[in-house]
Amino acid sequence: MLALVVTVGRADAELASDELWSLGVIAIEERYDTETGVVELWTSLGDDVETVAMSLSGLDHEWSWRFEAVDERVSETWREHAVPTWVTHRLMVYPAWQRRPDVGDVVAIAIEPGATFGMGDHPTTVLSMRALQAAVAPGVTVLDVGCGSGVLAIAACLFGASYSDAIDISPAAVPTTRDNAVCNGVADRVRVSTTPLREVDGRYDVVVANILAPALIELAADLKRVLAIGGQLIVSGILADRHAHVLRSLAPLNLVARDDLGGWTAITLGA
Ligand SMILES: C[S@@+](CC[C@H](N)C(=O)[O-])C[C@H]1O[C@@H](n2cnc3c(N)ncnc32)[C@H](O)[C@@H]1O
């Protein structure tokens with residue numbers, strides 16, 4: 001198994017971590033070298049050099065990075081410390097390897113992230129799920145762009161969507177989303193693939209994309225194209241101080257709602 005090691009100056013460590021989180025990493029370990037003043041961010045984006053290079057090229061900054069071989073047993077210790085996440089008082093996401101928490105009549109989504117992003121605990125995912133809960137009415141159709149573990153596509157079905165189509169550039173997202181859909185009883189309503197957004201020809205009542213702002217801007221024309229008339233587009237993965245240029249790229253859609261959490265912003269747009 002390969003760890004991705006991103007090297008930055010101390011002042012950039014937080015920004016680089018934020019950008020890595022929204023690329024889809026599950027955990028980051030910071031190693032600070034007191035002699036050189038350099039911080040190494042140890043994480044993983046899978047073992048495919050080309051895919052990792054492509055993901056990193058979508059970042060706002062060019063950080064220096066390398067791969068290091070790591071012992072898989074050590075890299076799995078985060079699982080022992082994983083805890084359920086309350087998204088709202090009616091919705092929880094919990095690690096699939098734990099027992100369903102005894103929380104009564106709430107929607108509880110079991111997630112195994114595998115090699116993808118989407119344990120449900122990242123602020124951008126929490127914000128996306130809150131916005132989905134508000135936007136999804138019974139019977140609507142949903143497109144989840146950048147589905148990772150499939151947590152948003154699955155949540156949409158549990159909120160009453162007739163089905164969710166889920167796409168991601170990462171091949172790992174396909175089996176992981178499929179397994180998580182089975183585990184949550186919505187396998188017949190979640191369809192997942194690596195189809196690029198530009199090749200999606202359907203129209204959806206709700207489109208959700210929890211992807212970094214630069215990628216959202218690049219995808220803006222297609223995100224608008226796949227939205228059905230009267231539909232709602234939810235975009236997350238935006239650092240709070242950078243939402244204005246994402247909004248501009250999505251014009252003439254108008255702001256319907258905005259929600260902030262931990263320095264991140266999600267916006268819902270409609271005609
Ligand atoms: C921040 S993760 C979100 C995962 C999950 N939807 C969630 O909310 O937890 C972003 C995901 O978008 C995917 N991604 C990045 N650029 C993409 C693109 N252009 N098209 C489709 N997926 C993309 C990444 O592979 C990653 O799985």
Side-chain angles (χ1 to χ4, degrees), residues 4 17-28 43-48 50-60 82 85 87 91 93-96 109-133 142-157 164-177 180-181 184 190 192-200 206-223 225-226 234-239 246 249 259 261-262 264-266:
L4 167 68
S17 292
D18 278 346
E19 296 202 358
L20 286 168
W21 283 121
S22 23
L23 268 191
V25 305
I26 296 165
I28 300 175
T43 185
S44 175
L45 272 170
D47 292 355
D48 182 334
E50 250 177 59
T51 308
V52 172
M54 198 170 84
S55 302
L56 293 173
S57 69
L59 295 180
D60 270 2
T85 300
V87 178
L91 172 64
V93 180
Y94 68 97
I109 304 175
I111 289 294
E112 163 55 68
T116 70
F117 181 98
M119 233 353 276
D121 55 344
H122 192 265
T124 60
T125 311
V126 170
L127 288 168
S128 302
M129 278 190 283
R130 285 188 198 162
L132 269 176
Q133 202 165 25
V142 175
L143 176 66
D144 177 4
V145 183
C147 61
S149 65
V151 61
L152 301 180
I154 292 165
C157 287
S164 299
D165 282 344
I167 57 172
D168 201 293
I169 49 171
S170 165
V174 175
T176 303
T177 294
N180 282 322
N184 290 282
V190 174
V192 58
S193 71
T194 53
T195 307
L197 179 61
R198 66 175 179 282
E199 289 176 21
V200 172
V206 177
V207 176
V208 60
N210 177 15
I211 307 184
L212 269 186
L216 288 173
I217 292 170
E218 213 174 293
L219 297 172
D222 281 313
L223 288 170
R225 179 182 57 79
V226 295
I234 298 163
V235 287
S236 189
I238 308 165
L239 292 168
V246 177
S249 72
D259 195 5
L261 185 66
W264 297 90
T265 293

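Atom set for the values below is all heavy atoms of this structure, side chains included, hydrogens, waters and symmetry mates excluded. Note that ligands are numbered from 1 as they come in the structure, with each ligand's atoms numbered from 1 the same way.
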Which of the numbered atoms in ligand 1 are below 4.0 angstrom from a heavy atom of L219?
19 (N)
Can you tell me if [X] uses its side chain to pair, donor with acceptor, with the backbone of [Y] under 3.5 Å?
{"X": "S128", "Y": "T124", "result": "yes"}
{"X": "N210", "Y": "G237", "result": "yes"}
{"X": "T177", "Y": "G150", "result": "yes"}
{"X": "N180", "Y": "P113", "result": "no"}

At what distance, to the nearest 0.5 angstrom, does CG of D168 lie from CG of L197?
11.5 Å
To which of [options] does the heavy atom nearest [atom] belong?
{"atom": "atom 10 (C) of ligand 1", "options": "N210, V151, I211, V208", "value": "N210"}
{"atom": "atom 6 (N) of ligand 1", "options": "G148, G146, A173, P113", "value": "G146"}
{"atom": "atom 23 (C) of ligand 1", "options": "T177, D222, I169, T125", "value": "I169"}

Non-hydrogen atom of L197 closer than 4.0 Å to ligand 1:
no
Does C147 reach ligand 1, in the sense of a heavy atom lying below 4.0 Å from it?
yes
Do D168 and ligand 1 have an N or O pair less than 3.5 Å apart?
yes
Side chain to side chain donor-acceptor pair (under 3.5 Å) evaluation trace for S164 with D144:
CA-CA 7 Å; S164 299; D144 177 4; over 6 Å; no
